[in-house]
Each structure stands twice: as C-alpha cells, then as structure tokens.
Amino acid sequence: MNKSHPTKENQPEDIVFRPKNFEEYIGQNTIVSNLKISMEASIQRKQPIEHILLFGPPGLGKTSLASVIANELNSNIIRTTATSIKRIIDLFSIIMSLDTMDILFIDEVHRLDKRVEEALYSVMEDYSIQIVRGSGKNIKAMTIPCNPFTLIGATTRAGLLSKPFRDRFGHSFAFEYYHIDELITVIRRLAPKLDIQIEEPEAEEIAKRSRGTPRIAIHLLKRVSDFSLVKKQKTISMKILLDAFDTLKIDQIGLSELDRKYLKILFLKSGRPIGIDTICAILSDDRTTLEEVTEPYLLSINFIEKTNRGRVITREGLHYLKEKQVLVNNEELLF
Ligand code: ADP
C-alpha cells in the first residue's frame, strides 16, 4: 500500500520494474533472511519492526527492499528524501500523518538537516515529538505522542551519519554488489516487460558489464533493446549486443570512458596519492558521481586504493590500463 509522496517511485517505469515481494527480490540473502526473522517477530508482537538503516552504492535495491518490506507487512509506505524535509515542521507534519505500523522511507538520509536529524531522535526513540517554545525564563517544552511506525533510512554514505543517529536504528544492513548469476536473473525476468527476448549467454554478457548493480543491468538491457528494436529483432543477438557496447564504449567488465580517464589520472601521478578535488577538477565531473559510483566499484575490483593522503592506482588497475592500451609511451595528460 503506497501513500502518495513525490519521489522516483511514482514514475510508472519504476513501479513496473521494482520487485514487489521477497519472491521477486533477488540476492542480498543475508539481509533478507535477517529481515524475515525480525518481521515475523514484529508480527507476533504486534509492534512495528525496529528502525532500519540500509546503506550501499546507488542502484543496489535499497528503495526496492523498503517497498518489499512494506508489501510483505501489508503496511503503508510513505517515501521522501532527506533534502525535501527542510524544516522541523516539515518533519513533524509527516510524522503526525503516519498511522500505527506505517513505514516512513527517507532516501539519502545522510543529507538531513542537522536540526531535523536531532528532532528525529526522540521520535525514533519513544515515538514522541518534542516542541520547545519561547526562550530564557519563558521557555516551554511540550511532548506530543505519535503513532508507532518504522523508519527506513537509505544512504550511499553511511560514514557521514552521526553516531547518535546511527545508534537509533535497530537494524543496519550493508548492501553488497550482486553476483553475475543474480544479475542474469534480474535481466531475464525483466526482458519480457520490455517486450524483448534474451537467452542466457547474452544475458550473461550484459550482467558482466553491470558493475554488480541491478539498476545498471536494467539500464544496459534497455539500451541493447533499443539497438535490437532498430534492427527489427525481437531477440537480442550477440552481435547486436557487442556492437551496442562498442558504441556505448563500455568494456567487458563494465568500465566506461569515465572510469578509464579516472584511472589514467592516477597513473599519470606515478603512484603518488591524488585528492578527489584535483581529480574532479581535471575530469570536470560531478564529485558525487565519482565518490558514490565510480570509486566504490573501482575499489571493489581492487583497481584503486584510498589512503588518507588520496587515491592511488593498484597493480591490477595498471595492468588493466596497459591491456586496454589506454596508455601510450610517456603519454601526457591529453584530456
Ligand atoms: P537504490 O535505492 O539502492 O538506489 P533501487 O531500489 O532504486 O536502488 O533499485 C534500482 C532498480 O534495480 C529497481 O528499480 C529494481 O528494478 C532493480 N532492483 C534492485 N534491486 C533488485 C533486486 N534485489 N531484485 C530485483 N530487482 C532489483
């Protein structure tokens, strides 16, 4: 059951593609099995499940999992993002609209305004809103109870959350990149919804380029489907698929031009650490994309290392650049 709040979920495409229950939700087995136990306990106690923090890179299924939890518990879910809760009053009006056992999903929870975050503490702890009016001798504090609910916070940057905030979540789950076979399942289940057919080997080629991320797998499947449609083919062929990736400049392990440029910058520093601001300036790219998408994946495949003085390329990263012939002898910074 969904209460309407303006977020990405309201886009019709997302509603079609998002898994609706645990049956449709692929992978993240440890998280799912832990959740199932807590959800069962909450049903038996007739109390809302404790607040849940979901963290990990974008596109790994945090928002989808929040929907699945709500559907499985037959609860309403109210979705919002931290940046749209600008003032404490905005927060309180959402909280007071919640019914018992509702789920409040806040995306990008690390971006909550500090005062709003602190106002949330007593709500999370004992389901009460603390209102302080006046100042000095005339100060008055009021406590208003609200309905017991579950907060699900999602973040790509758990490290930016304050300790008191983190401590108020009863569950904290770290998302992992998906295995190839899980991504193949995502791709093959989704293809019919895009009115296209795909066999196992082609699905595997897409999965290998998806950086362990379902959202990327879906995005690539859509792009390859476009190529097939233009060629008037209802089944994705290996040739069309490889041509498509050539055109999109995405290689066999899913790295793009941006990843290669990023690695090349580190290489050209000859192993000396380089700060993220310098990399952003050279690439003229958005820092959030680099920090939340590019770097976590390059770290996960061991192509870069983060030290406290900056980023460095690893032996594996260097090997990749040489293999791809991205480097020419004594090359200067050409981009
Ligand atoms: P996040 O909130 O972590 O950025 P989303 O939940 O928005 O990620 O996931 C992006 C898309 O990937 C969803 O629309 C959904 O179709 C698909 N997806 C993500 N995780 C799964 C999963 N475990 N099983 C099936 N599809 C998934």
Side-chain angles (χ1 to χ4, degrees), residues 2 5-36 52-72 77-84 103-111 151-158 160-161 171-196 198 203 206-207 209-225 254 286 288-289 291-297 300:
N2 293 329
H5 267 257
T7 68
K8 59 182 176 179
E9 178 74 15
N10 290 348
Q11 295 165 13
E13 257 197 3
D14 260 322
I15 292 166
V16 174
F17 294 155
R18 264 189 213 293
K20 291 174 186 56
N21 46 41
F22 282 129
E23 176 79 48
E24 292 178 11
Y25 194 86
I26 296 153
Q28 306 296 344
N29 298 334
T30 312
I31 300 180
V32 168
S33 50
N34 277 303
L35 268 175
K36 281 183 177 169
I52 303 168
L53 179 65
L54 307 176
F55 60 95
L60 292 193
K62 300 180 291 298
T63 311
S64 303
L65 186 59
S67 299
V68 168
I69 296 170
N71 285 341
E72 294 275 354
I77 180 163
I78 295 85
R79 296 184 184 77
T80 188
T81 52
T83 44
S84 59
I103 287 177
L104 171 62
F105 176 74
I106 306 185
D107 203 4
E108 301 194 61
V109 79
H110 61 276
R111 292 189 200 273
L151 171 68
I152 303 184
T155 177
T156 47
R157 308 288 299 277
L160 298 183
L161 253 58
H171 306 280
S172 191
F173 296 119
F175 276 63
E176 286 176 5
Y177 287 112
Y178 289 66
H179 300 295
I180 298 283
D181 53 339
E182 292 168 342
L183 292 170
I184 293 175
T185 311
V186 171
I187 293 163
R188 296 204 70 191
R189 282 201 192 163
L190 211 76
K193 294 185 183 169
L194 290 170
D195 214 11
I196 194 93
I198 187 160
I206 297 182
R209 290 165 171 82
S210 301
R211 309 166 73 105
T213 308
R215 181 179 291 144
I216 298 180
I218 295 168
H219 171 77
L220 294 180
L221 176 64
K222 284 186 190 166
R223 296 294 69 79
V224 175
S225 303
D286 168 46
T288 312
T289 309
E291 282 190 314
E292 295 182 9
V293 183
T294 309
E295 290 187 334
Y297 190 66
S300 82

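Counting convention: from 1, in listed order, for ligands and their atoms alike. The first residue of the sequence shown is numbered 1, and numbering continues consecutively from there.
Atoms of ligand 1 found under 4.0 Å from any heavy atom of Y178 (numbered from 1 in listed order, with element): 20 (N), 21 (C), 22 (C), 23 (N). The ligand atoms of ligand 1 that sit less than 4.0 angstrom from a heavy atom of S64 are 5 (P), 6 (O), 9 (O), 13 (C), 15 (C), 19 (C). Taking every non-hydrogen atom of Y25 and a distance limit under 4.0 Å, the qualifying atoms of ligand 1 come out as 22 (C), 23 (N), 24 (N). Proximity to P58 (heavy-atom distance under 4.0 Å) selects the following atoms of ligand 1: 4 (O). The F17 neighbourhood of ligand 1 comprises atoms 16 (O), with distances under 4.0 Å to a heavy atom of that residue.
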Chi angles and distances behind the side-chain hydrogen bond (donor to acceptor under 3.5 Å, both in side chains) call for R111, T155: CA-CA 9 Å; R111 292 189 200 273; T155 177; over 6 Å; no
Test log, rule side chain to side chain contact (heavy atoms under 4.5 Å, CB included), inputs F105 and I78: CA-CA 6 Å; F105 176 74; I78 295 85; over 6 Å; no
After noting the C-alpha distance and the side-chain angles of N21 and E24, does the key distance pass the side chain to side chain contact (heavy atoms under 4.5 Å, CB included) rule? CA-CA 5 Å; N21 46 41; E24 292 178 11; 3.4 Å; yes
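With a heavy-atom cut-off of 4.0 Å, P19 touches ligand 1 through its side chain alone. Residue contacts with ligand 1 for I218 involve side-chain atoms from C-beta outward but no N, CA, C or O (heavy atoms, distance under 4.0 Å). Neither the backbone nor the side chain of F175 has a heavy atom within less than 4.0 Å of ligand 1.
A cation-pi arrangement is found for K36 relative to F22, the charged atom lying closer than 6.0 Å to the ring centre and inside a 45° cone about the ring normal.
Taking 4.5 Å as the limit, every side-chain heavy atom of V293 sits out of range of all side-chain heavy atoms of P57. For the pair Y178/S210, no side-chain contact is recorded, criterion being any heavy-atom separation below 4.5 Å from C-beta on. Using a 4.5 Å heavy-atom cutoff, the side chains of L194 and K222 are in contact. No side-chain heavy atom of T156 sits less than 4.5 Å from a side-chain heavy atom of F55.
Among the atoms of L60, some N or O lies under 3.5 angstrom from an N or O of ligand 1.
Taking a 4.0 Å cut-off on heavy atoms, R18 registers as neighbouring ligand 1.
Across the listed options P57, G27, G61, G61 owns the non-hydrogen atom lying nearest to atom 8 (O) of ligand 1.
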